[in-house]
Protein chains: 4
Amino acid sequence: MRKSGTQSETFNKIVEASLQLFNQEGERVITTNHIAERMNISTGKLYYHFRNKEEIINELYHRYVKGMAEQLSAALNHNNSIEAMVMAMEKTLRHIWSFRFLPKSLPSLFCVNPQLEEEHQQLSRGQLNSKLGQLFASLREQGMLLVDDQQLAHLVQHFQMVQTGWVNTIKQNASAAELDKLIQSGCRSLMFLLAPYVSPRFQSPFERVFSRYA
Amino acid sequence: MRKSGTQSETFNKIVEASLQLFNQEGERVITTNHIAERMNISTGKLYYHFRNKEEIINELYHRYVKGMAEQLSAALNHNNSIEAMVMAMEKTLRHIWSFRFLPKSLPSLFCVNPQLEEEHQQLSRGQLNSKLGQLFASLREQGMLLVDDQQLAHLVQHFQMVQTGWVNTIKQNASAAELDKLIQSGCRSLMFLLAPYVSPRFQSPFERVFSRYA
Amino acid sequence: MRKSGTQSETFNKIVEASLQLFNQEGERVITTNHIAERMNISTGKLYYHFRNKEEIINELYHRYVKGMAEQLSAALNHNNSIEAMVMAMEKTLRHIWSFRFLPKSLPSLFCVNPQLEEEHQQLSRGQLNSKLGQLFASLREQGMLLVDDQQLAHLVQHFQMVQTGWVNTIKQNASAAELDKLIQSGCRSLMFLLAPYVSPRFQSPFERVFSRYA
Amino acid sequence: MRKSGTQSETFNKIVEASLQLFNQEGERVITTNHIAERMNISTGKLYYHFRNKEEIINELYHRYVKGMAEQLSAALNHNNSIEAMVMAMEKTLRHIWSFRFLPKSLPSLFCVNPQLEEEHQQLSRGQLNSKLGQLFASLREQGMLLVDDQQLAHLVQHFQMVQTGWVNTIKQNASAAELDKLIQSGCRSLMFLLAPYVSPRFQSPFERVFSRYA
DNA sequence: CATGAATGAGCTTTCATTCAT
DNA sequence: AATGAATGAAAGCTCATTCAT
């Protein structure tokens, strides 16, 4: 049906409407009918573009991962300053927030969609994980972080867990102002994870940035 | 109908069967029909004891929280040795594991059952959180942890996030042997969170225990 | 089970509780469970006294008819004064009101309980009807009403229809004060049916009573 | 889903099948499943067109009221002859008969569907009532009826009550022949209500028609 | 491409009634 | 007499998905 390369405008609109509804109402309560209704299109049209609801979620998941990978790549390219690092963190949290239904729903989706679980293993726990590992390794090389390989692996894992944990602490629909605050405190939370391993040389700039997020 | 105080045998059996099915298959795909069928009882019987599926989940959630609180209380009473602490961690992870459907499903349940979300705020993010805070504070008093109040608050939060994150990394049905290993690595992961704040005096026993979990 | 002669206290209490609930909430939404719950007895006890819900309704129907018959007999014994007639009307309307669920539910019950329909034919459209006919005939003999037999039959029918129609115009739960007013206007309505046939001799006392109900 | 304005063929067929079943078997015992089964359609199809059984009943109620209003309007336009009046009565009774489940079920439905009760207040006791009042008023102007305003109001009310009472006296499934007779006697019954107020000028034509219905 | 009516399996829930105790 | 847990048929309704047009 859909040509996998070209993503028609409708395709994109469906994905975006779904994202919005999933985030706002919860993926679990949003049916394909809701999505079509919200978009003022027929269910048939929706099913022309997607074989089923799962496929929409898959697409969203891929977009989520892609965005995460991009943030990480960007961070890798600006890994020389702590400020830049934290900016990247902020952008990452914002990105996670914009796909917030995923951390909430993924664990419960796996029993329905095992293929998604596998992909999640490969992408999040695989690709993204190793990218984050690279980032931390480069920070180590820069002398920013003092960690051995084991510690680095733990940091990576915890970093991801705290990111996920962070979204789940937030209520479904926060205002823009609230969100800003929450992103700040999320960054602080993540920085706190790294704090013990920041090298003395970078201690003071780190503290400076950290205190800015108080 | 059912007296809410007395918990009949059937009541308990329904709760236990539900827990097993939820853990094994995922709460999302288990219907009240499945539960009744598995137990070889009529749906009517199930609905005589519970108004609906939500109520079963609520009951399970309360049992989960109760167990967590008990572990924390026990830990508070044996907070003098690192060994004891880690034993408590193990037991806690085992307990979480036995209710593993909850960390997976809770976030997606909130949109369906907002009352549960509120309770979660009060119980997990409230009661359990402060209990864990007390535990860490007592460790600080014992001279085990060197942390200021802010750090303590972060530690509490991260500790919980890593616990939750840990269950979600595990595939639905792990064998007993796999589980043991996973519990070990979970403990290591949690210890790693505390590691930077362990006081020099307790460094060496901490290391000893830590390495045992390698 | 129940000895048909002796009506135990429980039996009566069930009937009375049912009547109250049927009147207040509507027979259609009141289940046997509701009745037992309201009475703080077990469903088993209820079913010891009544084979089923139908039987409770039958009993209520019989009490209703019995009451109606009593009112009519009383009226027959005091048929010399218009005042007495209207007093009887009032009492009758009050009685109908106290069984108000019946006129509302009977027509819809017949498809479920055809035996009840038959009884209704015999009792209401039979026994009560002829009693009311007798009453009107005696009024004719007294010179109060000037009607031929055909007119009398019509009057009887209309009288019953207006009584029934009257209850159905009233909302389920009227206050005592409202009820008093409604009874007044119900009497007026019934008197109006008879008005054209009141003999000149009784015109003025009739008018006097009628105007009192304005 | 369904556009509320356009009434598709299926929509109409569902309404008609429901009416037939409700009339024949009683609304109370007819479920949406029965309707779908009878029509050889899926329950899903039925629920695509109606949110629930209530909505079907609402639709039927509106059709009933619309028909009543039409009969009354027609009567108003041909109010010069008694013959025409009685023809209108006949048509009205036939219409009521074709919706006979309504007078039987409405009173018992109100406790389940309070919105319907409100509509009934506004439509039957409001709109239809005043239309009938207008009709009688125009008959008064024509010199056919001699009534004051109070009497007119009572007549209106009684007329409606007798119409309703009439349907309820008839057993569920009367043959066409029986029905014709019943309609005749219904008309007679209604005429009898008016009889005392027919002006001398119209007495003889009235009697003529009345006797024809004997 | 698009429509939207239709499907139908299956979910949650109710309730009159039974029955072992 | 009484209990109250249990039954089970059946009701109302949903929703992912299909398919004729």
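Labels below follow one simple rule: chain letters A, B, ... track the order of the sequence lines, proteins then strands, and each chain is numbered from 1. Owing to the predicted nature of the structure, the values given are computational and were not obtained by experimental measurement.
Contact check for D/Glu54 versus D/Leu109: no side-chain heavy atoms found under the 4.5 Å cut-off. Contact of the D/Asn113 side chain with the D/Asn58 side chain is registered, since non-hydrogen atoms from C-beta on lie closer than 4.5 Å.
No more than 12 heavy-atom neighbours from other residues, nucleotides or ligands sit within 6.0 angstrom of CD on D/Glu118. For CD of B/Glu37, the number of neighbouring non-hydrogen atoms (other residues, nucleotides, ligands) closer than 6.0 Å is 12 at most.
Each of C/Gly44 and A/Thr43 lies near DNA chain E, and the nucleotide nearest A/Thr43 is the one positioned closer to the 5' end. Summary of the strand contacts: C/Asn40 and A/Glu54 both lie near DNA chain F, and taking for each the nucleotide with the nearest heavy atom, the more 5' one is attributed to C/Asn40. Between B/His34 and C/Val29, the one whose closest nucleotide on DNA chain E sits nearer the 5' end is B/His34. Residues A/Ile30 and D/Thr31 each lie close to DNA chain F; by heavy-atom proximity, the contact nearer the 5' end of the strand is made by D/Thr31.
Distance D/Ile14 CD1 to F/dC13 C1': 14 Å, rounded to the nearest Å. Put simply, OH on C/Tyr48 is 17 Å from P on E/dA20, counting in whole angstrom units. Distance, A/Asn33 CG to E/dT7 P: 16 Å, rounded to whole Å. A/Lys13 has its NZ atom 14 Å from the P atom of E/dC1, to the nearest Å. B/Asn113 has its CG atom 15 Å from the C1' atom of E/dT12, to the nearest Å. For C/Lys53 and E/dT14, the NZ to P distance is 15 Å, given to the nearest whole Å. Atom P of nucleotide F/dT7 and atom CD1 of B/Ile41 are separated by 7 Å, given to the nearest angstrom. One atom, CD of A/Glu9, and another, P of E/dA2, lie 10 Å apart when rounded to the nearest Å.
Put simply, C/His49 has a side-chain N or O that comes within less than 4.0 Å of OP1 or OP2 on F/dA2. In this model, the phosphate group of E/dT13 is approached by a side-chain N or O of B/Tyr47 to a distance below 4.0 Å at OP1 or OP2. Not one side-chain nitrogen or oxygen of B/Thr32 sits closer than 4.0 Å to the OP1 or OP2 atom of E/dC11.
Note on B/Ser42: a base of the nucleic acid sits closer than 4.0 angstrom, heavy atoms only. Within 4.0 Å of C/Lys45, counting heavy atoms only, lies at least one base atom of the nucleic acid. Here D/Asn52 lies in heavy-atom contact (under 4.0 Å) with sugar-phosphate atoms only.
Figure legend. F/dC19 is base-paired to E/dG4; pairs are counted as Watson-Crick or G-U wobble with both atom distances under 3.5 Å.
Looking at C/Lys104 and C/Glu27, no side-chain N of the basic residue comes within less than 4.0 Å of a carboxylate O on the acidic one, giving no salt bridge.
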